[in-house]
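In what follows, every chain begins at residue 1, and chains take the letters A, B, ... in the order their sequences are listed.
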Number of protein chains: 2
Amino acid sequence: MIRVLLADDENLIRSALRALLSLEDGIEVVAEAATADEALAMARSSAPDVAVLDLQLPDRDGISLAADLHAQVPGCRTMIVTSHGRPGYLKRALAGGVGGFLPKTVSASVLAQVVRTVHDGGRYVDPELAAEAISAGDSPLTAREADVLELAAEGAPVEEIARRAALTPGTVRNYLSSAASKLGAANRHEAVHVARRHGWI
Amino acid sequence: MIRVLLADDENLIRSALRALLSLEDGIEVVAEAATADEALAMARSSAPDVAVLDLQLPDRDGISLAADLHAQVPGCRTMIVTSHGRPGYLKRALAGGVGGFLPKTVSASVLAQVVRTVHDGGRYVDPELAAEAISAGDSPLTAREADVLELAAEGAPVEEIARRAALTPGTVRNYLSSAASKLGAANRHEAVHVARRHGWI
DNA sequence: GCGTGCCCGTGACATTCGTCATGGGCCGCC
DNA sequence: GGCGGCCCATGACGAATGTCACGGGCACGC
C-alpha cells in the first residue's frame, strides 16, 4: 500500500484528489495539508511514501517544501502538480530531487500511474512540459539580475528597488537594462512578463 | 436528478469534481468541457440544469460563457468556481446572472449544497469573498481608464497603447495618470497590480 | 438651461527610465 | 599570471513618463 500525503491550498482539489486516488488499488491517502508548514508537520508524524504537492502553496512554493521533506522525512518521495507549467520551475524541481512534475490537465489515471512510478524511485515529467523546458532553455539571467527583476515585478520605482536590494539606483538600472535586453524586452515591465512566463523569476 | 455540466481546463480537477459530485444523491454529471466553446456546444446538446464553470477558461472567462449559456440554453443555471477570488469578478458575475460564486478552497459538501441551491433558483456566494467585495467596493476607474490600464498591463510603451486604443499618447498618459492616482499607485505598473488584485481589469 | 462628469485632446515641465562608457574588486579557470 | 564573467558603482545623455493646466464636445440629471 502506497501511503500518500496531499498538499494543496484548495480544499476542493484536495478532497477531489483524495477521492480519485482512493479509487486506485494500492494507494491510500494518509494526510492532507493546506499549507507547506502543515504538510511538513504532518509528513513528520505520518511518514508518507509519496507527497503530492501543489507548486504554489500559500506560505511558500512546493519546490522548497519538497527539499525540506527530503531532508526531514527519510523515505518520502515527492511529486508536484501545478496549474501553470512554467519551464523554469520544472528545472528547479528536478534539481531539487522531485520525482514527478505534472500539469493539472493530466487525467486521473496518469496521476495514479505517476504516483506508483515515483514510489518505485522512478521519475516522470509531463512530455509537453519537458518539451517546453528544453526549448525554453536555461535562464539567461544572472542571479542578481533575477533578484532585481523580481523586485521590479510589482511596479515599484527604481529607487525603492534599490533600497530593497541594498543597491545604488544606477546599478539597479544597469541590471534591469541588461535583463531586458537579454529577454528581448523593450522595458523592464515587459521583461518581468517574459521572465514570469518562462518561470525564471 | 440534477444534471450538471462541468467546464474547467484542468482535466484533473474536472474528473475529480465529477467523482465528488457523483457521490452525491440526486446529482449527475452529464457533460465535461475543457474550453468555453466546447462547453457551449455541449450545453446546447445536453441541456444541463446547472453549469459549474471555472472562472478562467483557455479561450475566455467563465462570466461571458455564463452569459452565453443563459441566452442560448434555456433553463440552465450557472455557478462559478475559481482559484483567485478577485472581488471585481464576483460583482461582474452576479450582474451577469450567475447563481453561485465559490473559491476552490471550499469543501466538497459545500459545493454539492451550492449546486442544489443554484438549481432551485437560489444564490450563494462565499461569505469571505462577499466581505472582500463589499470592503473593496466598486472600481473607481472610468470605462476608458480601465481600458487603457488593461492595455498597459503587458508593459507596452505609451505609444503602442495609444495606437491600440486609437488615442493620442497625451490622452493615454492623462488616463494612466488619473488611474494611478485613484488607485494610490506611484506609476501605471503599480496601478496595474492594484487593479488586478481587485479584479477591476 | 445649467451644472457635472466623462471623453479626448494639446502643450509644457520636471522626473524617471533606458542606455552607454567606464572603472574597480572578486572569483574561477586555463 | 592573464582572461573572462559577475558584482557594484558613477556619470551623463536622450527618451519615455508623470503631472499639471487648460480647452472643447457630449450626455445626463436637476
(request) Check the distance between D/dC7's P and A/D147's CG and give it to me in whole angstrom. (result) 9 Å

(message) With a cut-off of less than 4.0 Å, is there a side-chain N or O of A/R144 near OP1 or OP2 of D/dC6?
(response) no

(message) Checking the side chain of B/R3 only, and the main-chain atoms of B/S46 only, is there a donor and an acceptor separated by less than 3.5 Å?
(response) yes

(message) For the backbone of B/D37 and the side chain of B/D59, can you confirm whether one donor and one acceptor N or O come within less than 3.5 Å of each other?
(response) yes

(request) Looking at every strand, decide which applies to B/T171 at a 4.0 Å heavy-atom threshold: base, sugar-phosphate, or nothing. (result) base

(message) Which residues in residues 175-192 of chain A have a heavy atom closer than 4.0 Å to any atom of DNA chain C?
(response) A/S177, A/N187, A/R188

(message) Checking contacts here: which listed nucleotide (D/dA9, C/dC17, D/dT17) is nearest the side-chain heavy atoms of A/L167?
(response) D/dA9

(request) Mark yes or no for whether B/H193, through its side chain, and A/A153, through its backbone, hold a donor-acceptor pair below 3.5 Å. (result) yes

(message) Is the shortest side-chain heavy-atom distance between B/L17 and B/E10 below 4.5 Å?
(response) no

(request) Take atom CZ of B/R163 and atom P of D/dA16, then tell me their distance rounded to the nearest Å. (result) 12 Å

(message) Between A/T168 and D/dC8, is there a contact of a side-chain N or O with OP1 or OP2 at under 4.0 Å?
(response) no

(request) Enter the inter-axis angle for the ends of the helix from C/dG1-D/dC30 to C/dC30-D/dG1 (five pairs per end, rounded to 10°). (result) 30°

(request) Give B/R173 one of three labels, base, sugar-phosphate or nothing, depending on what nucleic acid heavy atoms sit under 4.0 Å from its own. (result) base

(request) Indicate yes or no for a side-chain donor-acceptor contact from A/N187 to the backbone of A/H189 under 3.5 Å, with no hydrogens or angles considered. (result) yes

(message) For the CD atom of A/E32 and the CG atom of A/L5, what is their distance to the nearest 0.5 Å?
(response) 9.0 Å

(request) Report yes or no: is there a donor-acceptor pair, N or O only, under 3.5 Å between the side chain of A/N174 and the base of C/dC20? (result) yes

(request) Would you confirm whether B/T168, through its side chain, and B/T171, through its main-chain N or O, come within 3.5 Å as a donor-acceptor pair? (result) no

(request) Look at the side chain of A/H70 and the backbone N and O of A/G96, then say whether any donor-acceptor pair between them is shorter than 3.5 Å. (result) yes

(message) Any carboxylate oxygen within less than 4.0 angstrom of a Lys/Arg side-chain nitrogen, looking at B/K104 and B/D54?
(response) yes

